[in-house]
There are 2 protein chains.
Amino acid sequence: MKQKTMHKNFLQKAEDLLTSCQLRKTHPRLEILRALLQTNCPLTQEQIAERIGSRSPDKTTIYRTLMTLMQHNLVHQAYLKGRARYFEPAGRCRADQCHPHFTCTSCGKTHCFYDAEIPAVRNIPAGFLVRHSQLRLEGLCANCQNDSACQPDPDNS
Amino acid sequence: MKQKTMHKNFLQKAEDLLTSCQLRKTHPRLEILRALLQTNCPLTQEQIAERIGSRSPDKTTIYRTLMTLMQHNLVHQAYLKGRARYFEPAGRCRADQCHPHFTCTSCGKTHCFYDAEIPAVRNIPAGFLVRHSQLRLEGLCANCQNDSACQPDPDNS
DNA sequence: AAGTAGTTGCAACTAAGTTGCAAGAAAAAC
DNA sequence: GTTTTTCTTGCAACTTAGTTGCAACTACTT
Ligand SMILES: [Zn+2]
Ligand SMILES: [Zn+2]
Ligand SMILES: [Zn+2]
Ligand SMILES: [Zn+2]
């Protein structure tokens with residue numbers, strides 16, 4: 001029951017977001033947006049496809065849809081380790097700064113710190129106009145601190 | 001003269017760094033380290049090869065050398081826009097935080113803010129042990145603020 | 001219901017990075 | 001200073017992540 005309600009809500013929210021940007025409410029867009037809204041960490045194209053499952057759109061469509069959603073500021077990228085691009089809903093950040101992302105060096109999981117705040121940076125060189133900032137944090141998550149077998153891995157890139 | 005002196009110094013520094021890690025002082029390692037030490041912004045494999053010029057090692061060697069240098073903490077990665085990996089000498093950062101990187105949204109150039117400092121982040125969720133932080137800044141560089149033709153480009157990824 | 005403009009899937013392609021392995025070069029041993 | 005050992009390199013082939021062109025399709029408009 002509760003599941004179904006949440007499900008409905010995310011789909012409804014996806015529709016509302018598309019409407020607000022005057023974008024067509026196509027099946028791929030609704031599914032992709034819903035997948036992003038349902039999770040609380042940034043996802044790659046492949047992870048989005050996995051979560052949608054067998055009805056997932058082609059990867060080309062996923063990338064093109066993400067580009068469209070980024071152009072309309074419904075989605076943005078997080079810059080994490082590794083070569084893949086990570087996407088998440090915009091609108092969980094302030095205009096001048098994204099929420100920080102924490103990646104555990106032991107288990108590799110990334111968490112969004114929605115409520116953490118980046119204080120103003122000191123000693124910005126003269127002449128630069130800073131408009132936006134993003135913070136990447138690394139360390140150990142609660143699980144990996146407790147589990148003695150988990151030690152930070154110095155060469156995971 | 002001054003050029004030659006600086007040149008000599010960077011090569012000497014590269015040798016010293018390799019010695020300090022008990023790594024063999026091979027031609028590719030010296031050239032790659034020197035290329036990184038000579039510049040003041042992070043470089044991709046391709047940019048390193050360009051700067052070394054015709055005597056540049058194979059790209060496989062460049063990547064493998066960078067991995068080796070990272071394992072010995074002589075080099076680390078910067079996480080910037082785009083798909084390529086960027087490398088720079090370690091040792092221009094504090095242990096708990098890298099120096100911030102500023103990327104101009106208009107011209108795309110990246111600058112290292114060696115002296116800027118990230119104040120402690122507030123509201124880190126309980127249970128997480130933060131060991132390291134990296135800050136990415138975006139905005140307009142001095143040139144692009146003055147040049148009226150330069151406007152921030154919302155969709156350069 | 002028909003028209004139109006925007007969207008999708010497929011196949012082929014590109015860019016960035018990795019792997020296996022034989023040949024080559026540093027350092028160590030003699 | 002030559003030999004031996006061990007580490008390092010270059011090449012070719014491969015993988016992964018993302019992009020492009022284009023014909024078929026579908027959401028919205030009239
Ligand atoms: Zn962990
Ligand atoms: Zn996030
Ligand atoms: Zn600029
Ligand atoms: Zn830097």
Side-chain angles (χ1 to χ4, degrees), chain A residues 11 14-33 35 42-50 52-72 74-87 108 155-157, chain B residues 11 14-33 35 42-50 52-72 74-87 108 155-157:
Chain A
L11 187 54
E15 282 187 30
D16 294 348
L17 287 172
L18 291 175
T19 303
S20 76
C21 293
Q22 293 167 291
L23 286 169
R24 289 188 182 183
K25 291 185 271 296
T26 65
H27 183 69
R29 284 183 184 159
L30 289 167
E31 290 293 327
I32 291 166
L33 249 183
L43 300 176
T44 63
Q45 171 269 315
E46 212 171 350
Q47 292 171 324
I48 292 169
E50 270 168 28
I52 298 177
S54 57
R55 308 193 306 165
S56 171
D58 188 75
K59 69 171 174 168
T60 312
T61 302
I62 298 182
Y63 282 118
R64 279 196 285 228
T65 299
L66 290 168
M67 294 311 130
T68 304
L69 298 176
M70 288 212 291
Q71 273 155 22
H72 288 82
L74 297 179
V75 162
H76 67 186
Q77 268 187 264
Y79 297 88
L80 306 178
K81 279 198 164 179
R83 264 169 299 147
R85 298 168 73 172
Y86 288 82
F87 302 89
D155 63 1
N156 57 359
S157 61
Chain B
L11 187 54
E15 283 187 27
D16 294 349
L17 288 172
L18 290 175
T19 303
S20 75
C21 294
Q22 293 166 290
L23 286 168
R24 290 188 180 181
K25 290 185 272 294
T26 65
H27 182 69
R29 285 182 184 161
L30 290 167
E31 290 293 327
I32 291 165
L33 250 184
L43 299 178
T44 64
Q45 171 270 314
E46 210 171 351
Q47 292 171 324
I48 293 170
E50 269 169 28
I52 298 176
S54 57
R55 309 192 305 166
S56 172
D58 188 74
K59 70 174 175 166
T60 310
T61 300
I62 297 182
Y63 281 119
R64 278 197 285 230
T65 300
L66 290 168
M67 294 311 133
T68 304
L69 298 176
M70 290 213 290
Q71 272 154 24
H72 289 83
L74 296 179
V75 162
H76 67 186
Q77 267 187 266
Y79 297 88
L80 306 178
K81 279 198 161 179
R83 264 170 300 151
R85 298 168 71 172
Y86 287 81
F87 302 90
D155 63 1
N156 57 358
S157 63

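Per chain, numbering begins at 1; letters A, B, ... match sequence-line order.
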So CG of A:Leu74 and CD1 of A:Ile32: to nearest 0.5 Å the spacing works out to 12.5 Å
Atom CG of B:Leu66 and atom P of C:dA16 are separated, to the nearest Å, by 15 Å
Distance col, row A:His76:NE2 vs A:Leu69:CG, nearest 0.5 angstrom, shows 12.5 Å
Expected rows: protein N/O vs nucleotides 10-14 of chain C N/O, under 3.5 Å:
none

When rounded to whole Å, the CD to P distance for the pair A:Gln22 and C:dA5 reads 17 Å
message: Students often get this wrong, so: under 4.0 angstrom with heavy atoms, is A:Glu46 touching a base, only sugar-phosphate, or nothing?
response: sugar-phosphate
Counting just side-chain N and O atoms, does A:Tyr63 come under 4.0 Å of either OP1 or OP2 of D:dG18? yes
Taking C:dG9, D:dT19, C:dT7 as options, the one with an atom nearest any side-chain atom of A:Thr61 is C:dG9
Counting any heavy atom closer than 4.0 Å, what does A:Thr65 reach on the DNA or RNA strands: base, sugar-phosphate only, or nothing? sugar-phosphate
Scanning both residues in full, the closest heavy-atom pair of B:Leu30 with B:Glu15 reads CD2-CG, 3.5 Å
A:Ile62 CD1 to C:dT7 C1', in whole Å, measures 15 Å
When rounded to whole Å, the CD to P distance for the pair A:Glu31 and D:dT26 reads 16 Å
Rounded to the nearest 0.5 angstrom, the CD1-CD distance for A:Ile62 and A:Glu46 is 9.5 Å
dist B:Leu17:CG -> B:His72:NE2 (nearest 0.5 Å) comes out at 12.0 Å
Rounded to whole Å, CD of B:Gln71 lies from P of D:dT8 at a distance of 11 Å
So CD of A:Gln45 and CZ of A:Arg85: to nearest 0.5 Å the spacing works out to 11.0 Å
Looking only at heavy atoms, the pair that brings B:Thr44 and B:Ala84 closest together is CG2-CB, 3.7 Å
Quick note, side chain to side chain donor-acceptor pair (under 3.5 Å) partners involving residues 56-66 of chain B, not counting sequence neighbours, are B:Asp58-B:Thr60
From CZ of B:Arg55 across to P of D:dT9 the rounded distance in Å is 15 Å
Examine D:dT8: is either OP1 or OP2 under 4.0 Å from a nitrogen or oxygen in the side chain of B:Arg29? Give yes or no. yes
Taking every heavy atom of B:Arg29 against every heavy atom of B:Arg24, the minimum-distance pair comes out as NH1-O, 3.2 Å
Query raised in the report: If only side-chain N and O atoms of A:Arg85 are considered, is one of them under 4.0 Å from the OP1 or OP2 phosphate oxygen of D:dT19?
Result: yes
Under 3.5 Å, N/O pairs linking protein and nucleotides 26-30 of chain C:
from   : atom 1 : to      : atom 2 : distance (Å)
C:dA26 : N3     : B:Arg24 : NH1    : 3.4
C:dA27 : OP1    : B:Lys25 : N      : 3.2

Ranking A:Ser56 and B:Tyr86 by the position along DNA chain C of their nearest nucleotide, the one closer to 5' is A:Ser56
Nearest heavy-atom contact between A:Ala35 and A:Ile52 is CB-CG1, 4.3 Å
B:Leu69 atom CG is separated from D:dT8 atom P, nearest whole Å, by 11 Å
Atom CG of A:Leu33 and atom P of C:dT7 are separated, to the nearest Å, by 14 Å
